[in-house]
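Just below is one structure, and these are the notes that go with it.
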Amino acid sequence: MTFLYPIIFAIFIGFVFRVSARVCQKSLIDLIIIAYIVFCGSVILTGFTLSEIHKINDRRFWAIGVFIPAFIFYIQFTKFFGKDRNENFTVFQMIGGQIQAVWNWFGNLSVFLKWIFAGLFISLGIIEITNFILICYTPPNEWDSMTGHLNRLLYYLQHNTMSHFGGTNWNIDSYPRSACTIQIYNYLMSGKIENWFKAIHHTAYWMIGFGVFGIVRSISKNLTASFFCALVILLLPDVLRQSITTESDIVLASYLSCLIYFLFSFNEKKKRRYIYLAGITFGIALGHKITFVFSLPPVFLILLYTVFKDEQKQIFAGFSLIHFKHLVVAFVLGFVLFTLPSGYIPNIQEYHHPIGPPTALRHQSIDRAGPKSNLIKQGTRNVARYAIDMINLDGLRNWDEAEKVNRWMKKPIIWFEKKVLKARLEEETNFTIFPFAYNKRFEFYNGSPCWGIFGFALIIPLVLLVLTRIIKSKEVYVYLGLAFVFHFVALSYTAPYDAWKGRYMISTAVFAVPFLALLFTGKYSLEKPKHLILKSYLSFVVLIGIASALVAVFLNYRSLPIRAYGRVSAFEMTRIELQTEARPDITKAYENFNKIVPQNATVALGTINDDYEYPLWGDKLTRKLIVLNPFEQGLRPIPKEADYLFFAKSVIKPQPGDIRLGTDTLMKNVIVRGEDYYLRKLH
């Protein structure tokens, strides 16, 4: 009967698009974005419900359950929120019309723009094929997923609920759980194929592109600008980096892009369905991850522009009590349905804080800064640090020769900061997780790049030129520019500097990339036959940007599609080698564990917060793991049903007969040193 579940999954996808088709405008982008939100919302609500009744590991309940909220969405949008839908079309007619429109658009481009877009489309095609193969044929291996994100999914499936149980890593219990529901659903309905854990993340990658396309189309009414902005954001190194991982930030950025799209769609169409879609998306985003609060001030700014301004753009002059009523109802509905059940309330009950335990707050929140005076001082330093991080040839830096050019390029910045500003950006470390460095470790810029040349040579200059009014533009760009600034500042002041912060800049890009539309509208439009200097500059940036995107993928040290750096490709590495790539000192220990312990064994774990637990579940994720050392709760006794004990020497003292698994305790140049692991057979 297992073969039925993928069929039911496909039927559900079809039903989701049917719901979307009853709500959307005659637009393929509208259809896809609404379908995405209906899918996510339906699965999340079903997951929350199944968790409460301890059925989250039962595929029978999932197979039927997801149709219920989707059907409720269908009724609500067809009978209430979507009553003002007045277009008559079929999905196939719409797809055919869109394909013809794109064909006509490309045919009417100038020779210059044809070359630009041909390069962008071809490079994106090469990258997508490569990434899709990597997703299908390599297991997940990023750090946070080995300790938390993926690890907790299997604990939830084992316990049949997402309730607190006391995980080794603090985020297992305290992180919001909405993304878990989607990953669990995809995994179970695929026939328990592990790589389907990545499906929502790669889908989110494309949704960011679709969202930005729709935003720019609403703002500029220019198809060329819409395609260019969408292609650029899909080729940004930090977006590409997370498109094949199970990290959570790319999914959050996809929700943000959908939310902003719905707000601009309401501004354009004045259809109240978009207010309700925005409210639902808001709740889903806030329930996905607490870092969405960084986006609240920018979202509020966009709300002011899109909902509370009339045709003459007079603030509040067009304020409508009806619009306000629907806005409040929509956002409260989204908050109640998708945010409250995601885990914040259990965190308050368990830790007396919605985010998590005090130790975690002191480690990576505003609490680490201490008094407000120090927060202002160190936060201002962080603004400078992140700004400098953006001025790098990210992506291309994975190639040694490009990194040499990158270091040469930064010398004037280093001189100015050291000799003129004397800001001590490298020396001051009390509001940093990993101290700032002009020349980062390879692991940081390879594993978490920023925007590369598209950012510092094109996007950010346009934002600054608009905000300083050197370039006169429509008022909407001022709001977007301020939204970008607010998001950037929020990242700097609300948490310590983190060398991995490129992942958060994916959301920041949603507000900034639409500025590229200015290259195709107004006085300096590249669709005009003049502006030779500007066209030459754009050609150079696009060429380097494409090269950066390709290098970011093909020289991604954590998941190499080809042999490089004297290493074999990810396809040639063993499962354990790939999953412990970031911690090579523990590879041998984990390989020995996997050889000794049967795939169906029950293993008690005496590990610490930073330890990789995900690889211990086995090649087919069939072992049972029992936590003995939950975060800050003390050591528990070894349960009778355990067959083996896997433990770190720092947690449990070895005794005669225990097997030392072989951690290389002498290895240097690792970010976090692995523990000295032992194995004890209990029966």
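No hydrogens, no waters, no symmetry mates; every other heavy atom, side chains included, goes into these values. Everything quoted here is computed from the prediction, not taken from an experiment. We count residues from 1, following the sequence as given.
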Between T587 and T580, is there a side-chain donor-acceptor contact under 3.5 Å, judged purely by atom types and distance?
yes
Would you find more than 12 non-hydrogen atoms of other residues, nucleotides or ligands less than 6.0 Å from F121 atom CZ?
yes
Would the F228 and F520 ring centres measure less than 6.0 Å apart?
yes
Heavy-atom check, side chain of L393 versus side chain of Y445, under 4.5 Å:
no
Would you say NZ of K377 has more than 12 non-hydrogen atoms from neighbouring residues, nucleotides or ligands within 6.0 angstrom?
no
Which donor-acceptor pairs under 3.5 Å do side chains of residues 553-563 form with protein atoms, sequence neighbours excluded?
{"unit_1": "N556", "atom_1": "OD1", "unit_2": "R558", "atom_2": "N", "d": "3.2"}
{"unit_1": "Y557", "atom_1": "OH", "unit_2": "R567", "atom_2": "NH1", "d": "3.1"}
{"unit_1": "R563", "atom_1": "NE", "unit_2": "E572", "atom_2": "OE1", "d": "3.2"}
{"unit_1": "R563", "atom_1": "NE", "unit_2": "E572", "atom_2": "OE2", "d": "3.1"}
{"unit_1": "R563", "atom_1": "NH2", "unit_2": "E572", "atom_2": "OE1", "d": "2.5"}

Would you say the side chains of Y493 and T380 form a donor-acceptor pair under 3.5 Å?
yes
Salt bridge or not between R241 and D238? Use side-chain N to carboxylate O under 4.0 Å.
no
Answer yes if the ring centres of Y504 and H487 are under 6.0 angstrom apart, and no otherwise.
no
What residues, two or more places apart in sequence or in another chain, satisfy salt bridge (charged side-chain N to carboxylate O under 4.0 Å, His left out) together with D498?
R503
Using side-chain contact (heavy atoms from CB on, under 4.5 Å), reason through I453 and L458 one step at a time and then give a plain yes or no.
CA-CA 7 Å; I453 194 169; L458 213 54; over 6 Å; no
May I ask you to test the F210-M207 pair for a side-chain heavy-atom distance under 4.5 Å?
yes
Contacts of type side-chain contact (heavy atoms from CB on, under 4.5 Å), residue R407, not counting sequence neighbours
E403, N439
Is it the case that T246 and S145 place a side-chain donor and acceptor less than 3.5 Å from each other?
yes
Kindly say whether the aromatic ring centers of Y497 and Y386 come within a distance under 6.0 Å.
yes
Taking the six-membered ring for Trp, is the centroid-to-centroid distance between F442 and Y565 below 6.0 Å?
yes
Any chance the rings of F456 and W451 have centres within less than 6.0 Å?
no
Salt-bridge contact R575-E194 (side-chain N to carboxylate O under 4.0 Å)
yes
Please identify each residue that fulfils ring-ring contact (aromatic ring centres under 6.0 Å, His included) with F39, with sequence neighbours left out.
F12
Under 4.0 Å between a Lys/Arg side-chain N and an Asp/Glu carboxylate O for E417 and R424?
no
Would you tell me whether E128 and H202 have side-chain atoms, one donor and one acceptor, within less than 3.5 Å of each other?
yes
Inter- and intrachain pairs under ring pair (Phe, Tyr, Trp, His ring centres under 6.0 Å), touching residues 233-255, at least two apart:
Y255-H288
Taking the six-membered ring for Trp and the full ring for Phe, Tyr or His, determine whether the centres of F436 and Y438 are under 6.0 Å apart.
yes
Of all residues at least two apart in sequence or in a different chain, which pass the salt bridge (charged side-chain N to carboxylate O under 4.0 Å, His left out) check with K440?
D389
Would you say the side chains of N141 and Y614 form a donor-acceptor pair under 3.5 Å?
no
